[in-house]
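By convention in this document, chain letters (A, B, ...) are assigned in the order of the sequence lines, proteins followed by strands, and residues within each chain are numbered from 1.
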Protein chains: 2
Amino acid sequence: MLNSTSLIAEARTKLEGYLLKKGLRRSSERFAILEEVYSRDDHFDAEELYQAMHQRSFAVSRATVYNTLEVLVDCHLVRKNQFGDEDNTKSRFEKSLGRQQHAHLICVNCHRVMEFCDPRLQLIKTTVGNTLQFHVESHSLVFYGECSDEACVARTKAAAENAAMQ
Amino acid sequence: MLNSTSLIAEARTKLEGYLLKKGLRRSSERFAILEEVYSRDDHFDAEELYQAMHQRSFAVSRATVYNTLEVLVDCHLVRKNQFGDEDNTKSRFEKSLGRQQHAHLICVNCHRVMEFCDPRLQLIKTTVGNTLQFHVESHSLVFYGECSDEACVARTKAAAENAAMQ
DNA sequence: CTAGCTGCAAACGGTTTGCACAACG
DNA sequence: CGTTGTGCAAACCGTTTGCAGCTAG
């Protein structure tokens, strides 16, 4: 029953409740951005979201994109990730409603993002909290390596040979 | 036997070997920066290293700090971390020789950095590599939460009460 | 000598901010 | 209507880059 449509509806309801509780305004921009976020299944950055909003002909400013993403992160409808790969600096976002927290795998060659769940991470979290008297709220686990996508492997191999020639 | 002095000596030797192998120059700046890095035990950013070099009256430019840090990361004498805490964007570095890879705990209140090792992470790494046909090269595990340092707890509590009053 | 390094300052790119105008409640 | 949100462009800040000396090899 958790198909895409009902997920968006649930997200909209949750955002509405959060805005009311916090005394924030239910502006059309905020809901339009939520809609866009929940229509995608990837890990996007702020600029990609900005561009997508323009293509969907609901033009919002970059400032509003950043502002709204912060709101959505605060009410746990969106997760913000800082993958330390090539694009060092920028954050990437993903919807979070109905999705358990997971680890990310980043291909250092093609920057593909994959996801992976492992219950042992939960155990580590508990151990570390107890050992160091630290109240763990959230975590980020990222693996860096090489994916096995054919095109990526071929491209990387070619690049390596090219480099060796010099 | 692995006291601080011998660690620095070992690091210097390793850097020298790496520079020779790669045909890079053994400039005094590079060794001076290595020295500073191995004299500290914290997680520092580029600017802090730059400032420390100036206080140690071996003034180098920011460009050289960044350049040298990259060299040191390449030859595995330094680890580069992107903690996604408040200081969103900047990288933090730590010496790596003779230290096993570890997870980091970041206090969301005082930004203290702690370290923690757990062998189960290795197991997850193996599983994830096999499951997704992904050749894992490295990883980053960061826990965010609240530390139990007295001063931090007190400060956070005061801030919360202050916020509630408005 | 001369390729590679350093220093400086300007450029860069993602994000934040200040301010004028618009619109939710 | 008063307060909050939005849009725009400028500011910010960590990092990178271009270029003119400098220096290790």
Nearest-angstrom distance from the residue atom NZ of A:Lys80 to C1' of C:dG14: 11 Å
Presence of salt bridge, A:Arg56 and A:Glu35, under 4.0 angstrom: no
Sugar-phosphate only, base, or nothing, as touched by B:Asn67 at under 4.0 Å among non-hydrogen atoms: sugar-phosphate
Bend angle of the helix from C:dC1-D:dG25 to C:dG25-D:dC1, end axes from five pairs each (to 10°): 30°
Any A:Thr89 side-chain nitrogen or oxygen under 4.0 Å from OP1 or OP2 of C:dT15: no
What nitrogen or oxygen pairs link the protein and nucleotides 17-22 of chain C at under 3.5 Å?
none

Residues B:Glu47, B:Lys90: salt bridge by 4.0 Å N-O rule: no
A:Ile8/A:Arg12 under side-chain contact (heavy atoms from CB on, under 4.5 Å): CA gap, chis, key distance, verdict: CA-CA 6 Å; A:Ile8 293 188; A:Arg12 207 185 288 110; 3.6 Å; yes
Pair B:Lys14 + B:Glu10: basic N to acidic O under 4.0 Å: no
Enclosure of B:Gln133 CD (heavy-atom neighbours >12, cutoff 6.0 Å): no
Counterpart residues, side-chain contact (heavy atoms from CB on, under 4.5 Å), relative to B:Thr64 (two or more places apart): B:Glu29, B:Ile33, B:Val60, B:Ser61, B:Thr68
Whole angstrom value for the distance that separates P of C:dG14 from CG of A:Leu69: 15 Å
Residue mapping more 5' on DNA chain C - nearest nucleotide basis, A:Asp45 or B:Arg30: B:Arg30
5' priority, DNA chain D, between B:Ala46 and A:Ser61 [closest heavy atom]: A:Ser61
pair B:Phe134-B:Val128: side-chain heavy atoms closer than 4.5 Å: no
Carboxylate-amine/guanidinium proximity below 4.0 Å for A:Glu70 and A:Lys80: no
Side-chain N or O of A:Tyr66 closer than 4.0 Å to phosphate OP1/OP2 of C:dT15: yes
